[in-house]
Amino acid sequence: MATEQQSGEALSESRRSGPYASAVNWVEALSETQFAYLLLTPALILLGVIAIYPLASTFSMSLYADQLTGSARLGEFVGLQNYIDLFTGARNYALPSAFLPTFTSEFPFVTNIYGSALMVTLIFTVFSVLFETLIGFGQALILDQDFRGRRWVRVAIIIPWAVPIVIQGMIWYLMFQPNIGFLVGTTENPALLNQLGLIGTTPLRNTADSLFLIIVADVWKTSAFMALLILAGMQSIDRSLYDVAKVAGASRWQQFKMITFPLILPSVLVAMLFRTISAMRVYGIIETMAGCQTVPSLSCLVVTTFNAPLYGTSATVAFVTAGIIAIVVSVYIVNFASEDL
Amino acid sequence: ISTGGGDGDNGDNGSNGGGDSDTSTPINTEETTEDITVKIAGDTRMADNSDAIVQSMRDAGLPDNISIDIIAGSQVTDNRQAQYQQWLGGGREEPTLLMMDSGWTIPFIARNQLQNLSESLPSEMISTIEDEYFEASVSTAKGSNGDLYGVPLFPDFPTMQYRKDLLRNAGYTDDDFDTWATESMSWEEFSKVTKEALDANDVQYGYTFQADVYEGLSCCDFNEFMTSYGGAFFGGRDNLFGPVGERPITVDEQSVLDSIRMVRTLIHGEDDEYALDGITGGIAPEAVLQWTEEPSRKPFTGGDAIMHRNWPYSITINGADDVFGEDLGVMPIPYGVPADEAKYEGTGGPVAALGGWHMTMNPNAPQQQKQAGAQVLEVMMKPQFQLDNFGIQGWIPPRPELLDSEEAKNVDVIGRYLSALKVAGNNAIPRPVTVVWPQQSGKVAQEVNNAYAQEKTPEQAMSDLKSQLEAIEQSLA
Amino acid sequence: MSSEQPGAGLHDDDAEMKRGPFGRWVAKAIKNPGRVYRAMFYVATVFFLFTTLFPFYWLLIIALTPNRLISDMGLLPKGFNPEVFVTMFERVPFHLYMFNSFVLGITTTVIVLLLASLAGYVFGRLRFPGKGVLMLGILAISYFPPAAFLIPLFELFTGNTAISLGAVTISSPDLFNTPAPMVFPFSALFLPLSIFILTTFYGQIPDGLEDAARVEGTTRLGALFRVIVPLSAPGVATAGVLTFISVYNEFFFSFIMNNGEADSWAPIVAGILKYQGQFDTPYNLMAAASIVGVLPVAILVIIAQERIVSGLTAGALKE
Amino acid sequence: MGDVTLEHVSKHYDDVTAVDDMNLDIDDGEFICLVGPSGCGKSTTMEMIAGLTIPSEGKMFIGDREVTNLPPKDRGVAMVFQNIALFPHMDVYDNISFGLRLRNYDKEEIERRVERAAEIVQLQGMLERMPDEMSGGQRQRVAIARAIVRNPGVFLMDEPLANLDAKLRVHMRTELQRLHKELDTTIIYVTHDQAEAMTMSDRIAVIDSGQLQQIDPPLVCYNEPANLFVAGFIGSPSMNFLDGEVAADGFSSTNIDVEFDPADLGVEPGTDVTMGIRPEDVYLVDEESLVSNPSHRIDAVTDVLEPMGDEIFVYLKLSESAETDLEDTSGVANDQLLMSVAPDTDIAEDEDVTVVLDRSRVHLFDTATGEAISHGIETPVQTSGAPGTEAESDD
Amino acid sequence: MGDVTLEHVSKHYDDVTAVDDMNLDIDDGEFICLVGPSGCGKSTTMEMIAGLTIPSEGKMFIGDREVTNLPPKDRGVAMVFQNIALFPHMDVYDNISFGLRLRNYDKEEIERRVERAAEIVQLQGMLERMPDEMSGGQRQRVAIARAIVRNPGVFLMDEPLANLDAKLRVHMRTELQRLHKELDTTIIYVTHDQAEAMTMSDRIAVIDSGQLQQIDPPLVCYNEPANLFVAGFIGSPSMNFLDGEVAADGFSSTNIDVEFDPADLGVEPGTDVTMGIRPEDVYLVDEESLVSNPSHRIDAVTDVLEPMGDEIFVYLKLSESAETDLEDTSGVANDQLLMSVAPDTDIAEDEDVTVVLDRSRVHLFDTATGEAISHGIETPVQTSGAPGTEAESDD
Ligand SMILES: Nc1ncnc2c1ncn2[C@@H]1O[C@H](COP(=O)(O)OP(=O)(O)OP(=O)(O)O)[C@@H](O)[C@H]1O
Ligand SMILES: Nc1ncnc2c1ncn2[C@@H]1O[C@H](COP(=O)(O)OP(=O)(O)OP(=O)(O)O)[C@@H](O)[C@H]1O
Ligand SMILES: [Mg+2]
Ligand SMILES: [Mg+2]
């Protein structure tokens with residue numbers, strides 16, 4: 001140490017010059033706000049070009065009428081008419097199902113639960129997110145343990161998430177296809193699930209049955225998503241906190257309740273937030289298992305009209321879907337806001 | 001930044017995504033001399049057989065300077081449609097030729113996204129097609145102006161397959177089978193025969209077909225049932241392709257209701273509240289309500305069914321030696337009412353829903369490409385090419401006359417059943433494809449499936465359907 | 001402080017009192033709650049293994065059963081046809097599709113992790129005006145169904161979008177059949193999730209460690225990549241795995257932005273669908289293909305999990 | 001190059017003022033100890049110098065450069081953090097070499113330096129351990145090594161030896177001093193160990209509630225504390241304080257009077273003053289001979305005895321009612337006196353003793369303001385005893 | 001209820017033996033300090049007692065129960081962790097009340113206790129702060145409070161006062177002692193502060209390299225260290241050691257001889273022995289009168305002077321060639337001697353002085369094994385000086 005005292009920092013500092021160094025220095029000298037925006041720039045540019053610009057363009061499409069004949073992709077400018085038609089039900093003819101439910105003044109207030117894309121989507125979202133969170137939590141708790149062979153168990157639990165939706169659909173479709181799968185029987189020879197009254201003998205043509213099965217299929221695949229995120233959250237907890245808690249006398253449950261849970265809550269919220277968002281956009285598994293006619297989700301409406309191709313309507317439904325999602329996830333946003341934003 | 005389409009900031013908003021295609025300029029049909037590669041959007045099967053196909057083109061006279069590049073598009077027809085919609089809507093120059101389902105060629109025509117062949121190809125070619133091809137096929141490649149926008153490549157007709165061995169147990173003989181091959185039976189008789197066979201054999205199902213909520217129900221199975229009873233979507237064949245909004249909607253007519261009641265009887269038995277008299281019930285499983293082609297075929301191929309309605313692809317499977325071989329019988333689809341008793345021209349009798357594919361041309365392709373593409377189309381119209389491809393990949397020749405040829409009869413398995421196919425072809429009924437058909441099709445499938453499933457009365461379902469179709473029709477008016 | 005009940009947890013004599021015939025195990029369990037816990041743990045593990053793996057078993061049954069015989073399936077394959085794993089490669093160059101998916105997945109994952117790391121750092125560790133609004137804005141992008149992006153993006157990537165730079169108007173490049181029109185949309189669409197994941201994880205890294213790095217001479221960015229990212233390994237690996245898997249199986253854009261050929265960068269799902277005919281569906285081949293297609297992901301998960309479970313922050317600070 | 005100047009620097013958190021209008025002027029090459037009660041703002045001050053916390057007000061200079069807003073990496077400081085802050089994902093070698101690697105030193109150079117640093121902190125052979133495989137003291141030593149491998153202009157050390165045992169601490173102390181001499185860098189050092197502060201530093205900066213109380217050489221702080229706070233804080237056990245007032249003939253309180261001429265010290269009779277006397281300046285009357293300037297004799301009763309090995313603390317009761325309250329550390333207790341005696345002194349609890357104070361070591365403070373009035377009374381040499389002189393002279 | 005027994009307990013990590021065949025027998029209600037160099041295994045021992053680390057070998061008992069494999073929560077211990085480990089997501093109140101909330105104490109009770117604990121650690125008014133808004137010392141106090149709100153059978157405290165300033169430390173010390181008395185619990189306490197260990201503990205357990213060296217009352221450890229290690233470790237600055245051998249008339253080394261009769265001590269002449277003498281037992285010759293049993297006079301030259309405020313450390317050179325090596329803490333240096341003198345002693349650097357050793361305080365150790373041979377020579381009273389007696393008597 002004694003001999004190279006002068007070769008220390010001063011030198012190495014002067015060694016660093018040139019454009020790279022001055023760029024680094026410039027960046028370092030930025031205020032926190034400037035620095036923040038600088039770092040966000042790449043992401044914002046990407047999102048701007050690939051997301052914001054297309055959305056703006058799509059939004060403008062939603063202000064035009066559909067056009068099915070002739071070269072033009074869109075008809076005349078109609079302002080918010082598409083939106084109005086959508087909400088009043090005047091556009092339902094073009095959709096695989098009604099958008100909003102029909103309300104009555106008597107219980108159960110909604111007459112066509114399964115005939116309304118909004119209701120179907122909400123039902124799917126509530127149940128799939130609920131069960132995925134619970135199961136994902138359970139899985140993460142298991143994966144968080146140290147036991148022999150846990151790497152294999154971990155792969156096993158995560159791997160459904162890696163299955164393409166087409167195949168996920170095929171797996172469940174075949175399981176519930178009469179005469180192929182063993183999970184559904186005939187009226188004369190019902191399978192267990194039929195006997196339990198959970199599903200009918202042609203479940204994939206029935207909205208309620210299909211919705212149930214689609215939720216099951218989705219939970220199967222997507223719990224892994226939750227598990228992975230929650231597990232990561234658990235793994236990031238400083239283990240010495242558990243030591244403290246143990247010595248303080250915390251049972252496993254109390255450790256979980258007072259340490260694990262609050263500390264992974266942010267991860268859980270993020271996981272649930274994004275699960276909710278993608279559940280609200282569910283499409284692929286419906287298309288591959290039961291079809292959009294049978295289980296009309298909001299995204300089904302978007303895709304079906306897009307393929308029709310009713311571009312104005314499709315753009316409108318897409319924006320309305322986004323709006324509904326925004327409302328639904330505001331639950332989480334409020335939670336986040338209380339923590340952070 | 002401005003885009004070619006979608007912004008609508010000028011009067012001509014959303015032109016074809018920038019491609020100022022000219023769909024009707026005549027194409028020079030002289031042989032190109034320079035080397036050129038024509039890209040064809042085909043399907044996997046075509047790509048798999050690409051060597052043989054190109055060889056047959058050469059045999060049919062394709063010059064050596066034109067090479068062929070077949071893009072193996074998805075065989076899932078919806079996927080292809082969506083893809084083409086983007087490609088053509090986006091004004092892409094490639095590919096030059098596109099293989100299009102006869103079920104959705106018309107909307108592309110209506111959106112000016114295909115080359116008008118009547119305008120741009122020599123009139124001999126056009127008239128050959130008009131005169132010699134299966135009429136129903138040609139009708140699905142025409143615009144509302146009567147011009148031709150696609151060259152039928154091969155048609156597809158469903159038939160009724162049956163198990164001769166099982167029917168023999170019920171007392172039917174080869175004589176009957178021979179008759180049935182060309183002379184369709186009525187649904188009444190069909191159901192009776194099936195029931196007899198069901199009783200005479202230890203099989204699970206009598207008759208399997210497709211009634212899931214999907215395009216196949218609206219375009220085909222239901223269309224066949226309905227038409228065979230003399231019903232129609234829009235008042236007969238004439239209105240199949242329009243004019244949208246101005247044609248009557250006739251799905252609530254008695255003949256249509258009868259056909260639904262017939263199917264309900266087949267599935268739910270004669271006890272069904274809406275059972276149709278004369279029909280022997282309980283020969284089709286409830287499962288048909290969620291079956292598409294493959295699930296419905298599985299039990300038949302597996303030996304669990306007596307009768308099975310399906311496309312020719314399954315004849316090849318079921319007629320294979322290690323499946324049923326010669327024991328597979330094929331006949332046209334049964335009829336509800338004879339053609340002469342039917343209310344609408346061209347309905348009733350042994351109808352078969354029309355499938356099949358056309359070859360169309362991308363109007364955005366460069367002239368050079370179009371010129372070469374025209375030559376490829378010409379080659380594809382050669383009878384030799386069509387016969388070759390019947391053998392190579394089972395494309396049924398689009399000319400009825402070729403079905404009588406020896407060469408066709410020699411094709412493995414399916415060659416045995418050409419007579420039934422020909423009947424089907426001559427009685428083919430296209431789906432009523434217009435620009436609004438994609439919307440209508442979904443509604444039809446939903447309502448019909450509901451009615452078949454006893455969730456709605458036939459009347460209710462059809463009147464609901466009528467009003468929905470009405471709304472869709474009006475939306476365009 | 002002095003007048004309290006005696007120390008906790010030191011009274012277990014009453015456990016001895018009940019010695020019914022039923023409760024040997026119960027008594028033991030009460031004495032040693034670890035046993036109950038372990039039992040519960042194994043039951044749960046087996047349950048989860050069964051539920052997640054059974055569908056794969058079903059897939060394997062389908063794959064091994066010759067397509068012709070697929071009907072009335074039970075719990076065993078009907079027939080045994082391992083050649084399907086060869087046939088699937090003969091029918092479709094499935095390995096090429098896997099390669100495409102892999103490349104698309106890796107590229108996208110790298111881009112996403114990079115951009116999301118920067119953004120996650122900003123949102124997780126800095127305070128600045130506009131933060132909440134920006135986060136909400138980024139989140140809002142994921143509210144939209146992919147179809148909402150399709151037409152403009154297709155035009156953008158097929159050379160149909162004109163960009164005016166003053167007097168000059170240039171047309172966007174035609175990138176159809178290249179990876180770009182897939183990688184960019186994937187990156188943008190999967191970015192919000194990763195940003196949020198990394199925001200929470202980066203936000204939890206103690207300031208002390210970043211401080212230490214900065215005093216040692218890193219820039220703020222240096223501290224991010226040298227300290228915060230490695231310490232957030234579970235979060236980063238998770239974001240990476242989630243992104244990769246999503247891209248690996250993405251179909252919406254990958255389907256439109258190329259012609260579906262293996263040499264046009266079409267991904268694995270396009271490959272799987274290649275087996276399918278217009279009417280005929282060789283379930284066995286598709287099942288086999290998806291089993292094979294899932295393998296790289298399994299390997300990736302095995303690799304990534306070492307990171308996911310590294311739990312490095314332990315003892316980082318004295319606090 | 002290494003002088004550090006703080007000009008009116010303050011740091012406010014939401015509702016806490018951690019540092020309050022601090023002015024510090026540290027010369028290049030100086031060794032400064034920051035001392036003060038827990039939470040007084042020492043770490044905050046260090047963090048501001050390092051650039052990790054931006055002052056709410058005021059300016060800071062290192063060398064001639066204003067560094068108030070300069071990023072840490074450009075300040076040329078190395079820091080040992082109070083919370084140690086090892087990088088948990090790096091082994092010891094990587095932790096120590098982190099700063100060097102950032103600066104692209106070549107491999108051998110890094111290796112040489114790391115080995116040397118590891119030797120200094122006695123961690124040879126542990127270079128491949130991960131932080132979580134080390135004991136608390138070992139981690140702290142890694143943190144020290146991480147700072148000393150570099151040659152910065154300023155070392156900031158926040159209780160670097162808190163987790164080390166006495167022997168190692170002595171060793172580290174000498175090492176740090178040697179390093180200080182060799183590298184000629186400025187060292188700013190936080191410690192709670194009086195011995196450390198006394199032996200190592202050129203000057204001690206005493207901070208209370210974010211405010212600088214005194215900055216002076218150690219013995220000046222010890223012998224001439226600027227105010228009651230410093231007097232009570234420096235020295236352990238703490239100085240005895242007795243409240244009283246200035247009488248005509250000196251200090252007068254309930255139990256103890258100390259004679260002096262108020263005029264000499266410039267205080268008005270009648271002023272409330274507090275007298276301070278350190279335990280070691282209270283002598284048993286047998287040792288009166290050792291004291292040059294003894295006070296009156298004071299009768300007392302021994303209360304608690306605390307044998308410390310090398311000395312014994314004796315708590316004296318000055319009145320019957322007095323109760324030794326070991327807990328009360330506020331310092332002022334008019335009827336108690338703590339004295340320290342040699343370990344072999346023959347003394348027992350509850351024994352009557354007579355003690356004298358060394359008047360030359362008596363401190364007087366203005367009770368109201370706490371400011372010191374005088375240190376030592378009526379001795380020819382104005383203030384403290386012998387050995388401090390040389391230290392004071394350079395003040 | 002609170003006795004803690006370790007029987008042949010060892011803990012091995014991959015390649016490190018942290019604790020090596022440790023036998024400890026701690027009585028209910030005892031206050032034991034664990035001391036030892038950094039990394040010697042103190043924390044590991046604590047963790048094993050708490051149940052956080054399972055011993056590789058051996059058995060442990062708390063009360064009458066074997067606890068070797070019992071989970072921590074059932075052991076009835078409370079612990080202050082060396083790394084503090086506050087819950088980052090809880091404010092101070094919640095951190096402190098954690099253990100109480102686990103046991104479902106009612107709200108008022110919790111509140112009462114937390115307030116009381118906060119008062120003891122002087123954190124009133126900070127109960128709503130989050131851990132990251134506190135200074136190092138404040139956090140440590142929260143950790144202490146978190147342990148003391150509970151009434152466990154055994155308290156484990158791993159350097160609980162390391163980050164506190166001297167005054168607060170004294171305060172905390174008395175508080176802990178009071179608590180100890182009131183609750184009558186066993187306290188096992190790790191500290192590096194000799195004063196702490198000396199004043200607080202009933203017995204000190206000295207550990208080196210995972211092995212227990214001595215466990216005895218503080219003054220016994222100080223005055224009668226069992227071996228060289230303990231002798232060198234306890235006491236700061238460390239004991240002087242000189243290597244020599246037993247001659248016919250006593251200890252003989254290069255510079256210093258000490259007379260005694262080998263037969264009295266039962267050592268063979270010719271044995272290699274090490275003599276130890278603490279700095280405070282070296283006296284200037286003027287003070288010889290204070291020493292009851294002085295040695296020969298020794299001539300030396302003063303080298304470095306370290307004024308500590310309440311005493312001065314004087315490094316003596318015994319030979320010309322000697323060089324004061326402050327760095328060498330190994331202890332044995334035959335030509336040096338460290339002595340401590342009163343702060344007012346008139347002494348300067350490089351001055352010739354004559355010193356004597358207090359022979360009654362000379363320690364002899366077998367150089368080969370390090371075991372103590374004797375403590376104090378030829379005095380009627382066998383060992384140490386006056387004030388320790390009462391402490392020794394209860395051994
Ligand atoms: N997880 C581990 N892996 C390997 N070695 C370890 C591990 N934990 C502790 N050690 C080693 O065990 C020995 C004892 O550690 P311990 O923490 O008990 O020391 P300590 O006496 O508390 O020291 P300190 O006073 O520095 O805190 C040390 O040498 C340490 O390096
Ligand atoms: N982030 C913060 N928010 C609010 N108050 C803070 C924050 N950080 C520090 N403080 C307060 O500022 C004061 C000074 O803290 P600092 O860490 O400088 O103390 P310190 O002198 O280092 O004390 P110690 O000796 O205990 O480490 C303390 O009262 C502390 O509670
Ligand atoms: Mg501090
Ligand atoms: Mg320790």
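Below, chains carry the letters A, B, ... as their sequence lines are ordered, and counting in each starts from 1.
- With a 4.5 angstrom heavy-atom cutoff, A/Leu229 touches chain C via backbone and side-chain atoms both.
- Of the two parts of C/Leu224, neither the backbone nor the side chain holds a non-hydrogen atom closer than 4.5 Å to a non-hydrogen atom of chain A.
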What do the steps show when you test C/Ile302 against A/Trp152 for side chain to side chain contact (heavy atoms under 4.5 Å, CB included), and what is the final call?
CA-CA 8 Å; C/Ile302 293 176; A/Trp152 301 111; 3.6 Å; yes
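- For the options A/Ile165, A/Val317, A/Ile167, A/Val153, heavy-atom pairs under 4.5 Å to chain C are most numerous at A/Ile167.
- Between chain C and the options A/Leu46, A/Leu263, A/Ile157, the largest number of non-hydrogen pairs under 4.5 Å is found for A/Leu46.
- Looking at A/Tyr242, there are no atoms closer than 4.5 Å to chain C (heavy atoms on both sides), in backbone or side chain.
- Interface summary for chain C: among A/Val27, A/Leu298, A/Val155, A/Ile135, the most heavy-atom pairs under 4.5 angstrom belong to A/Val155.
- Only the side chain of C/Ile62 comes within contact range of chain A, with heavy atoms under 4.5 Å apart.
- A centroid separation of 6.0 Å or more is found between the aromatic rings of A/Trp161 and C/Tyr248.
- Looking at A/Ser314, neither its backbone nor its side chain comes within 4.5 Å of chain C, counting heavy atoms on both sides.
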Dump the intermediate steps for side chain to side chain contact (heavy atoms under 4.5 Å, CB included) on A/Met170 and C/Ile272, then the final yes or no.
CA-CA 11 Å; A/Met170 186 180 95; C/Ile272 291 176; over 6 Å; no
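- Considering every non-hydrogen atom in both C/Thr219 and A/Glu28, the closest pair reads CB-OE2, 3.3 Å.
- Of the atoms belonging to C/Ala44, heavy atoms from both backbone and side chain fall under 4.5 Å from chain A.
- Using a 4.5 Å cut-off between heavy atoms, C/Leu59 contacts chain A through its side chain alone, with no backbone atom that close.
- Scanning both residues, C/Pro129 and A/Tyr37, for their nearest heavy atoms gives O-OH, 2.8 Å.
- Relative orientation of the A/Trp220 and C/Phe56 rings is tilted, given thresholds of 30° and 60° on the angle between their planes.
- In this structure, A/Ile50 and C/Phe149 have side chains that are not in contact, with every pair of non-hydrogen atoms separated by 4.5 Å or more.
- The two residues A/Arg281 and C/Phe144 make their nearest non-hydrogen contact at NH1-O, 3.3 Å.
- Contact annotation: the side chain of A/Ile159 never approaches that of C/Thr52 to less than 4.5 Å [non-hydrogen atoms, C-beta and beyond].
- In this structure, C/Phe252 has its ring center at least 6.0 angstrom away from the ring center of A/Tyr283.
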Pair C/Tyr121, A/Phe35 - check side chain to side chain contact (heavy atoms under 4.5 Å, CB included), show working.
CA-CA 11 Å; C/Tyr121 175 81; A/Phe35 185 62; 3.6 Å; yes
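- Options A/Ile171, A/Ile324, A/Val303, A/Val24 differ in how many heavy-atom pairs under 4.5 Å they form with chain C, and the most are formed by A/Ile171.
- Within the 4.5 angstrom heavy-atom criterion, only side-chain atoms of C/Val269, from C-beta onward, approach chain A.
- Ranked by non-hydrogen atom pairs under 4.5 Å with chain C, the options A/Ile277, A/Val329, A/Val328, A/Leu273 are led by A/Ile277.
- Among all heavy-atom pairs drawn from C/Phe201 and A/Ser236, the shortest one is CE2-OG, 3.1 Å.
- Atom CG in A/Leu269 sits 11.0 Å away from atom CZ in C/Phe196 (nearest 0.5 Å).
- Both the backbone and the side chain of C/Pro192 come within contact range of chain A, each with at least one heavy atom under 4.5 Å from a heavy atom of that chain.
- Minimum interatomic distance between C/Ser142 and A/Phe274 (heavy atoms only, all atoms of both residues): OG-CE2, 3.9 Å.
- Contact annotation for C/Phe244: neither backbone nor side-chain heavy atoms come within less than 4.5 Å of a heavy atom of chain A.
- Taking every heavy atom of both residues into account, A/Met61 and C/Ile151 meet most closely at CE-CD1, 3.6 Å.
- Looking at C/Ser187, both its backbone and its side chain come within 4.5 Å of chain A, counting heavy atoms on both sides.
- Only the side chain of C/Leu150 comes within less than 4.5 Å of a heavy atom in chain A; its backbone stays farther off.
- When each of A/Thr41, A/Thr58, A/Val166 is scored by its heavy-atom pairs under 4.5 Å with chain C, the top score falls to A/Thr58.
- With a threshold of 4.5 angstrom between heavy atoms, C/Ala287 approaches chain A through its backbone and through its side chain.
- For C/Ile291, no part lies near chain A; criterion is any non-hydrogen pair under 4.5 Å.
- Contacts with chain A were tallied for C/Leu139, C/Val112, C/Ile70; C/Leu139 has the most, counting heavy-atom pairs under 4.5 Å.
- Most heavy-atom pairs under 4.5 Å with chain A: of the set C/Leu242, C/Leu191, C/Thr45, this distinction falls to C/Leu242.
- In this structure, chain A has heavy atoms under 4.5 Å from both the backbone and the side chain of C/Ile197.
- Looking at C/Phe54, only its side chain comes within 4.5 Å of chain A, counting heavy atoms on both sides.
- Per-residue heavy-atom pair counts under 4.5 Å with chain A were compared for C/Ile195, C/Thr281, C/Leu193, C/Leu221, and the maximum is reached by C/Leu193.
- For the pair C/Phe41 and A/Ile142, the minimum side-chain heavy-atom distance is below 4.5 Å.
- Residues C/Leu118 and A/Leu38 have side chains not in contact (no heavy-atom distance under 4.5 Å, counting atoms from C-beta outward).
- Residue contact with chain C, scored on non-hydrogen atoms closer than 4.5 Å, involves the backbone and the side chain of A/Met175 alike.
- The shortest side-chain heavy-atom distance between A/Leu47 and C/Ile138 falls under the 4.5 Å cut-off.
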Walk me through it: do C/Phe128 and A/Leu40 pass the test side chain to side chain contact (heavy atoms under 4.5 Å, CB included)?
CA-CA 12 Å; C/Phe128 61 97; A/Leu40 286 177; 4.0 Å; yes
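- For a residue to count as touching a neighbouring chain, one of its non-hydrogen atoms must lie under 4.5 Å from one of that chain's; by this rule A/Ile264 does not touch chain C.
- Residue A/Leu241 does not touch chain C at all, counting heavy-atom pairs closer than 4.5 Å.
- Taking 4.0 Å as the cut-off between side-chain N and carboxylate O, A/Glu32 and C/Arg220 do not count as a salt-bridged pair.
- Looking at C/Leu49, the atoms closer than 4.5 Å to chain A (heavy atoms on both sides) all sit in the side chain, from C-beta outward.
- Contacts of A/Ala51 with chain C are made by both backbone and side-chain atoms, with heavy-atom separations under 4.5 Å.
- Residues A/Lys221 and C/Pro55 are not in side-chain contact: their nearest non-hydrogen atoms beyond the backbone lie 4.5 Å or more apart.
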